[in-house]
Amino acid sequence: MTPGHWAAWHAAYDDPDSSISRRLAHVQLRIRQALDGADAGPIRVISMCAGEGRDLLEVLPEHERRDDVSARLVELDPGLAGRASAKATDAGLSGVEVVVGDASSTSAYEGAVPADLVLACGIFGNVSVADVRRTVGELAHLCARGATVIWTRHRLPPDLTDSIRSWFGTGGFEELGFDTESGYSFAVGTHRLVAEPGRFRPGQTMFRFAGDGADSRF
């Protein structure tokens, strides 16, 4: 993986009309809804391949449940993780932990799960079909009862989103939303775990990124 490619990919957030910026708006809306609907008490959040943490860290500062949230953001690139950590510190989000680590390993979330909200954004467009399915199958082992999972994937050919939605269904989740936008290729899926949560399984590898990020597709 070449860190520079992923940093350049994040630069597209600066264009409010870019596909990644429009996708972010939908993800943030779904995060707000998940926090709004969360039961009273602590809310655990994990974010895989968190990047700069814009999805969660641009929602939490103004949300009334901010002090109930404990979150672990896992990002392999130290520069992106540093930016996320700075955002959390500047916003006074003492419950947010940013970890430089391998988000593909379930061990990265030990001590932070079972989670009430799982963010798997920017992953499914950059890994193999088998790894997407493997990751979906592992998510119930990271979730608390009734947890929400938010995921993203492009709809470019071959469009895998219908299969992903089906895999969530067979994995014990119900769909809360599937967001797209005319003129853009992204999709944002939101699912709630309705089956019993699985037992946490450390040491499981969920996915491997294909390439070095130069041709990243979200």
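Residues: numbered from 1 along the sequence shown. Heavy atoms only: backbone and side chains are in, while hydrogens, waters and symmetry mates are out. This one's a predicted model, so the numbers in the text were calculated from it and none came from an experiment.
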Donor-acceptor pairs are to be reported for all side-chain atoms of residues 186-193 against protein atoms at under 3.5 Å, with residues two or more places apart or in another chain.
unit_1	atom_1	unit_2	atom_2	d
His191	ND1	Trp151	NE1	3.2
Arg192	NH1	Glu174	OE2	2.7

Would you name the heavy atoms of [X] and [Y] that are closest together and state the gap between them?
X      : Y      : result
Leu156 : Ser185 : CD2-CB, 3.8 Å
Ala84  : Gly53  : CB-N, 4.1 Å
Val149 : Cys143 : CG2-SG, 3.8 Å
Ala147 : Ala115 : CB-O, 3.2 Å
Ala50  : Glu75  : N-OE1, 3.5 Å
Ala38  : Ile43  : CB-CD1, 3.6 Å

Taking C-beta and beyond as the side chain, do [X] and [Y] meet within less than 4.5 Å on heavy atoms?
X      : Y      : result
Leu24  : Glu58  : yes
Leu117 : Arg44  : no
Met48  : Ile123 : yes

Please lay out, stage by stage, how His63 and Asp36 fare under the test side chain to side chain contact (heavy atoms under 4.5 Å, CB included). CA-CA 9 Å; His63 199 279; Asp36 289 345; 2.7 Å; yes
Side chain to side chain contact (heavy atoms under 4.5 Å, CB included) partners for [X], two or more places apart:
X      : answer
Asp162 : Arg165
Arg208 : Asp131, Thr205
Ala71  : Val45, Leu56, Val69, Leu73, Val96
Ala25  : Arg22

Is it the case that the side chains of Ser21 and Ser18 hold a donor-acceptor pair, with the cut-off being a distance below 3.5 Å and no angle test? yes
Is it true that the side chains of Asp159 and His154 contain a donor and an acceptor less than 3.5 Å apart? no
Steps toward side chain to side chain contact (heavy atoms under 4.5 Å, CB included) verdict (Ile164, Arg153): CA-CA 9 Å; Ile164 296 172; Arg153 162 80 186 198; 3.9 Å; yes
Tell me whether [Y] is reachable from [X] by hopping between hydrophobic residues (I, L, V, M, F, W, Y) whose side-chain heavy atoms are closer than 4.5 Å.
X      : Y      : result
Val100 : Leu57  : no
Phe207 : Phe200 : yes
Trp167 : Leu176 : no
Val118 : Leu29  : no

Let me confirm one number: the [atom1]-[atom2] distance from [X] to [Y], rounded to the nearest 0.5 Å.
X      : Y      : atom1 : atom2 : answer
Ile150 : Arg30  : CD1   : CZ    : 8.0 Å
Arg134 : Leu139 : CZ    : CG    : 12.5 Å
Cys121 : Ile31  : SG    : CD1   : 6.5 Å
Cys49  : Phe124 : SG    : CZ    : 10.5 Å
Leu35  : Arg32  : CG    : CZ    : 9.5 Å
Glu175 : Ser166 : CD    : OG    : 10.5 Å

Starting from the C-alpha separation in whole Å, work towards a yes-or-no answer on salt bridge (charged side-chain N to carboxylate O under 4.0 Å, His left out) for Arg201 and Glu138. CA-CA 9 Å; Arg201 305 192 300 179; Glu138 193 63 37; 2.4 Å; yes
So which pairs with a foot in residues 94-117 pass salt bridge (Lys or Arg N to Asp or Glu O under 4.0 Å), sequence neighbours left out? Arg72-Glu97
May I ask you to decide if [Y]'s main-chain N or O and [X]'s side chain share a donor-acceptor pair within less than 3.5 Å?
X      : Y      : result
Tyr109 : Ala103 : yes
Arg66  : Gly92  : yes
Gln28  : Arg54  : yes

Among Val27, Ile20, Leu119, which one satisfies side-chain contact (heavy atoms from CB on, under 4.5 Å) with Thr152? Val27
Going through the checks in order, is the side chain to side chain contact (heavy atoms under 4.5 Å, CB included) test met by Val194 and Phe173? CA-CA 5 Å; Val194 292; Phe173 291 84; 5.8 Å; no
Before you tell me yes or no, could you show the steps for Asp68 and Arg65 under salt bridge (charged side-chain N to carboxylate O under 4.0 Å, His left out), namely the whole-Å CA-CA distance, both residues' side-chain angles and the distance that decides it to 0.1 Å? CA-CA 5 Å; Asp68 294 326; Arg65 299 299 301 276; 2.6 Å; yes
